[in-house]
Amino acid sequence: MPNSLMNLENSKSPISEAYRTLRTNIQFVSANSGVKKIMITSACPEEGKSFVVSNLAVCMAQSGKSVLVVDADLRKPTQHKLFEVENGEGLSVALMEVVAQKPDFKGYIRETAVPGVRVITAGPIPPNPAELLSSKSLKYLIGVLSEQFDVILFDTPPILAVTDAAILAQEVDGVVLVLTSSKVTKEQAKRAKELLDQVGAKILGAVLNKVKIKANEYYYDYH
């Protein structure tokens, strides 16, 4: 398993428990609404949203689901590094291929070292990410992939930085907003929510990331 995902191997660690809680909360919210296409974004850069995507994917796969991670951050892609796979032909190429034909996208889906988790990397960085994501090609791609996997997690750029996340939010079933403790301001968090509300996104919840908690404040023994 890639080093960036090693923390999930320790099932009793605080971070493992945190991701299981996140997984459970998402499953609870989506129990009656059929949420399977989930976008994860942040308010600002460097808030850890890509790390949340990859580790949540592993956690969901551990519960027996088939999971696809789509790196829709066509400006600063990260998932190929986290899962240690090649970033050759990825999402950017796949979206352009739809114009010429109707592929099944199998050639763009990469196996990972994690059982149950596959990845579509971002591919070469295009000159027009927002325009590419707003094309009809994206809707077609999501429709095809939704029939092949139990859960699809989309990693997008920060919503306050560019319009990409707002565009994709309209095509998914729900959005998770990652916010960094002691970094993102209340105004930035409120603005991020406002932008998602403006496009009619269904906000499943928020993840407060990088919270400093002492070990003796978190752990307890259950007998």
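Hydrogens, waters and symmetry mates are skipped; everything else that's a heavy atom, side chains included, is used. Throughout, numbering of the chain's residues begins at 1 and tracks the sequence.
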Ala166 to Gln170 - nearest heavy-atom pair and separation: O-NE2, 3.2 Å

Leu160 side chain reached by Arg191 side chain, heavy atoms, under 4.5 Å: yes

Contact check, side chains of Ser181 and Asn209, non-hydrogen atoms, under 4.5 Å: no

Partner set under side-chain hydrogen bond (donor to acceptor under 3.5 Å, both in side chains) for Lys190, not counting sequence neighbours: none

Student check: side-chain heavy atoms of His80 and Val119 closer than 4.5 Å: no

Test side-chain contact (heavy atoms from CB on, under 4.5 Å) applied to Phe149 and Ile109, Val117, Val67, the passing residue: Ile109

Smallest separation among heavy atoms of Ser92 and Gly123, with atom names: OG-C, 3.6 Å

Trace of the side chain to side chain contact (heavy atoms under 4.5 Å, CB included) decision for Ser63 with Gln27: CA-CA 11 Å; Ser63 68; Gln27 290 174 340; 4.0 Å; yes

side-chain hydrogen bond (donor to acceptor under 3.5 Å, both in side chains) partners of Lys36, counting only residues at least two apart: none

Reported SG-to-CD1 distance for the pair Cys44 and Ile159, which is rounded to 0.5 angstrom: 11.0 Å

Candidate pair Leu91 and Val70, rule side chain to side chain contact (heavy atoms under 4.5 Å, CB included), full reasoning: CA-CA 8 Å; Leu91 179 63; Val70 178; 4.0 Å; yes

Other residues, nucleotides, ligands: >12 heavy atoms within 6.0 Å of Glu194 CD: yes

Beyond-backbone contact of Val93 with Pro124, side-chain heavy atoms, under 4.5 angstrom: yes

Stepwise side chain to side chain contact (heavy atoms under 4.5 Å, CB included) check, Leu82 with Gln79: CA-CA 5 Å; Leu82 296 176; Gln79 293 301 327; 3.9 Å; yes

Heavy-atom donor-acceptor pair, Thr41 side chain to Leu177 backbone, under 3.5 Å: no

Distance, nearest 0.5 Å, that separates CD of Glu89 from CZ of Arg110: 8.0 Å

Interatomic distance, Phe154 atom CZ to Leu68 atom CG [nearest 0.5 angstrom]: 7.5 Å

Expected output: side-chain Ser66 to main-chain Asp150 donor-acceptor under 3.5 Å: yes

Residues, nucleotides or ligands: over 12 heavy atoms within 6.0 Å of Glu46 CD: no

Contact check, side chains of Met96 and Ser137, non-hydrogen atoms, under 4.5 Å: no

Joint cluster assignment, Val184 & Ile203, ILVMFWY side-chain distance < 4.5 Å: no

Between CE on residue Met39 and NZ on residue Lys202, distance to nearest 0.5 Å: 14.5 Å

Gap between atom CD1 of Ile152 and atom CG of Asp173 - 0.5 Å precision: 9.0 Å

Co-membership, hydrophobic cluster, residues Val207 and Leu179, 4.5 Å side-chain: no

Distance (rounded to the nearest 0.5 Å) between Lys106 NZ and Gln148 CD: 6.5 Å

Residue pair Thr156 / Asp164, side-chain donor-acceptor N/O under 3.5 Å: no

For Ala122 against Pro77, the heavy-atom pair lying closest together: CB-CB, 3.4 Å

Hydrophobic cluster membership, Val162 vs Leu196, 4.5 Å side-chain cutoff: no

Closest non-hydrogen atom pair, Leu168 against Ala72: CD2-CB, 3.8 Å

Side-chain H-bond candidate by donor/acceptor type, Asp155 with Ser50, under 3.5 Å: yes

Any side-chain heavy-atom pair of Val175 and Leu204 under 4.5 Å: no

Residues Ile15, Asn55; criterion side chain to side chain contact (heavy atoms under 4.5 Å, CB included); working and verdict: CA-CA 10 Å; Ile15 194 167; Asn55 283 276; 5.7 Å; no

For the student: nearest non-hydrogen atoms of Ala169 and Val199, plus distance: CB-CG2, 4.2 Å

Shortest non-hydrogen contact from Pro157 toward Arg75: CG-CD, 4.4 Å

Within-4.5 Å side-chain heavy-atom neighbours: Cys59 and Leu22: no

Asp73 side chain vs Lys76 backbone, donor-acceptor pair below 3.5 Å: yes

Asp71 side chain reached by Ile120 side chain, heavy atoms, under 4.5 Å: no

Salt-bridge criterion met for Glu171 and Lys37 (N-O under 4.0 Å): no

Those residues that, when tested against Lys183, pass side-chain hydrogen bond (donor to acceptor under 3.5 Å, both in side chains) (two or more places apart): none

Side-chain (Glu47) to main-chain (Thr180) donor-acceptor, under 3.5 angstrom: yes

